[in-house]
There are 2 protein chains.
Amino acid sequence: MAETKIPKATAKRLPIYYRYLNILHDSDKNRVSSTELSEAVKVDSATIRRDFSYFGALGKRGYGYDVDSLLKFFKKILNQDKLTNAALIGVGNLGNALLNFNFHQNSNVRISAAFDVRPDLANTVQSGVPIYPMAELRKQLEDQQIKIVILTVPESVAQNVTDDAVAGGVQGILNFTPLRISVPSNVRVQNVDLTNELQTLIYFLDHYNEED
Amino acid sequence: MAETKIPKATAKRLPIYYRYLNILHDSDKNRVSSTELSEAVKVDSATIRRDFSYFGALGKRGYGYDVDSLLKFFKKILNQDKLTNAALIGVGNLGNALLNFNFHQNSNVRISAAFDVRPDLANTVQSGVPIYPMAELRKQLEDQQIKIVILTVPESVAQNVTDDAVAGGVQGILNFTPLRISVPSNVRVQNVDLTNELQTLIYFLDHYNEED
DNA sequence: GCCGATTTGTGAAATAATTTTCAATAATAA
DNA sequence: TTATTATTGAAAATTATTTCACAAATCGGC
């Protein structure tokens, strides 16, 4: 089901490339070199060429890459040619911000359902997204065939909620809680830990003066 | 200024360890093995031992690690024994959520100043944090000696604001915009790109069925 | 004090990711 | 047409990170 396993490091860069290709496209550029891309996305040009080459020969020597065909290619690869529905669990502080954030503007991901324990939120609509009571989590995920959830619940309930979501058939979790949740091996977790990021930043500042 | 250069990959895991050590400490455990830690933080135990070993022999063979002394050690390393002030630039959707988020609960980072272009926000206090007009950015950063900023402005102004912040002496930037900002080599940028994370997750789901 | 069970710390091996280098090719200028 | 310049793709070299596997140290019970 894949183009012979792309390195993880490469996979993580694909959305970055995709995004910049869109910008080029919108400004009517029709060719781009790895050097030029490198400037914009802050990735070494050799790394970019290497990344691209995993997918075959996408460019032309002496010319560069054709923006439109590269864009079309990555759109396909990243599944951005169809809409992906995601659910948001936990409409608190951060959850609310993400509801407003509207991923849809930049990508073909849409939060199509949200869940919260608070009774006053259940069965309302926030930022155009229907909020369901937590008790319906599993059922709604199943019914709506949602494969991706964004987890913005308090840490204390994160594992329970995760188990429910997994039971509902979820395959990918964007985990905003600091808890390292446990999931079966066929479920993928992407952690976004804000406190962590800040602490790492501070560590680097204190211990890696100048450069990397 | 460092303990002979810790690998970057290790540095990124330090806050994860630190966090779990706090949990152990709070539940009055006084020893922990790399295997036990491994379960909780989802990092291979050999990797944990290797990570720790960069700082010297922190454990005891046949025993494990002493929670309190390890905690004390990491607290020092991560600068969590002093309060670090940060500024938040852009009090919009996400910015507001982060103001409420209160990093201080889990770490010794505090947002002590925020900035926004909107005149009705300037000179108010939101979630206990004073909001300054954008024009004062450089001056306030200098006066308050703030070295870390959280960037939650629209992409279109991200580079300009960054340049201002750098002029104000900032050394670390937690960048929530999708733009890969340009900074001098002595300034460190940590990118948190939510759309990216979601797209990467989708890519993994579609192309890496079962396991990594 | 001795013995068996644990568990670290670390060389060495394996794996992953980046960077260098350069031949091949395309575009452009002369 | 031909020479010059730009640029990719890929092999090789390098660097970074993880994992294996085991000797050495420590603990706890007897």
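Every chain is numbered from 1 and lettered A, B, ... according to where its sequence line falls, protein lines coming before strand lines.
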Inset, instruction - For the pair B:Phe73 and B:Phe55, name the ring-plane relationship: parallel under 30°, tilted 30 to 60°, perpendicular over 60°. - result: perpendicular
Legend entry - Distance, rounded to the nearest Å, where B:Ile48 contributes CD1 and D:dT17 contributes P: 17 Å
Inset, instruction - Indicate whether OP1 or OP2 belonging to C:dT8 is found under 4.0 Å from a side-chain N or O atom of B:Ser34. - result: yes
Inset, instruction - Would you indicate which nucleotide in D:dG28, D:dT17, C:dA17 comes nearest to any side-chain atom of B:Arg31? - result: D:dG28
Inset, instruction - Find out whether the Lys NZ or Arg CZ of B:Arg31 is both under 6.0 angstrom from the six-membered ring centre of B:Tyr63 and within 45° of the ring's axis. - result: yes
Inset, instruction - Could you check which of C:dT8, D:dT7, C:dA17 has an atom nearest any side-chain atom of B:Arg61? - result: C:dT8
Inset, instruction - For A:Lys42 and C:dT18, give me the distance from atom NZ to atom C1', rounded to whole Å. - result: 19 Å
Inset, instruction - Measure from CG on B:Leu70 to C1' on C:dT8 and round the result to the nearest Å. - result: 13 Å
Inset, instruction - Classify the side-chain pair B:Tyr203/A:Asn79 by whether it contains a donor and acceptor separated by less than 3.5 Å. - result: no
Legend entry - Side-chain donor-acceptor pair present, B:Ser182, A:Lys42, cut-off under 3.5 Å: yes
Legend entry - the helix from C:dG1-D:dC30 to C:dA30-D:dT1: angle between end helix axes, five pairs per end, rounded to 10 degrees: 20°
Inset, instruction - Establish, yes or no, whether the cationic atom of A:Lys5 lies under 6.0 Å from the six-membered ring centre of B:Tyr208 and within 45° of the ring axis. - result: yes
Legend entry - Under 4.0 angstrom between A:Lys60 side-chain N/O and C:dT25 OP1 or OP2: no
Inset, instruction - Ignoring backbone atoms, test whether A:Thr47 places a side-chain nitrogen or oxygen under 4.0 Å from the OP1 or OP2 oxygen of C:dA17. - result: no
Legend entry - Position toward the 5' end of DNA chain C (nearest nucleotide), B:Val32 or A:Asp51: B:Val32
Inset, instruction - Starting from C1' on D:dT8, measure out to CZ on A:Arg50 and report it in whole angstrom. - result: 13 Å
Legend entry - Any A:Tyr65 side-chain N or O less than 4.0 Å from OP1/OP2 of C:dA26: no
Inset, instruction - Could you tell me the separation between the CG atom of B:Asp66 and the P atom of D:dT26, rounded to a whole number of Å? - result: 15 Å
Inset, instruction - Looking only at side-chain atoms of A:Tyr63, point me to the closest of D:dT18, C:dA26, D:dA21. - result: C:dA26
Inset, instruction - Can you figure out which of D:dT17, C:dA27, D:dT19 approaches the side chain of B:Ala9 most closely? - result: D:dT17
Legend entry - Sole candidate of A:Ile48, A:Asp51, A:Thr47 that passes side-chain contact (heavy atoms from CB on, under 4.5 Å) when paired with A:Thr10: A:Asp51
Legend entry - B:Asn30 CG to D:dC27 P, straight-line distance once rounded to whole Å: 13 Å
Inset, instruction - Select one nucleotide: of C:dA27, C:dT10, C:dA17, the one nearest the side-chain heavy atoms of B:Ser53. - result: C:dT10
Legend entry - Nearest-nucleotide pick for B:Ser33, side chain only, options being C:dT8, C:dT19, D:dT17: C:dT8
Inset, instruction - Please figure out whether A:Gly62 or A:Ala46 has its closest DNA chain D nucleotide nearer the 5' end. - result: A:Gly62
Legend entry - Whole-Å distance separating the CZ atom of A:Phe55 from the P atom of D:dG9: 13 Å
Legend entry - Nearest-Å distance for atom pair CG/C1', residues B:Leu58 and C:dT10: 14 Å
Legend entry - Presence of B:Thr10 side-chain N/O under 4.0 Å of D:dT17 phosphate oxygens OP1/OP2: no
Inset, instruction - Name the closest nucleotide to the B:Asp44 side chain, picking from D:dG9, D:dT19, D:dT7. - result: D:dT19
Legend entry - Distance-only polar pair, side chains of B:Tyr20 and B:Glu36, donor-acceptor under 3.5 Å: no
Legend entry - Sole residue of B:Leu174, B:Ile150, B:Val109, B:Leu98 in side-chain contact (heavy atoms from CB on, under 4.5 Å) with A:Leu194: B:Leu98
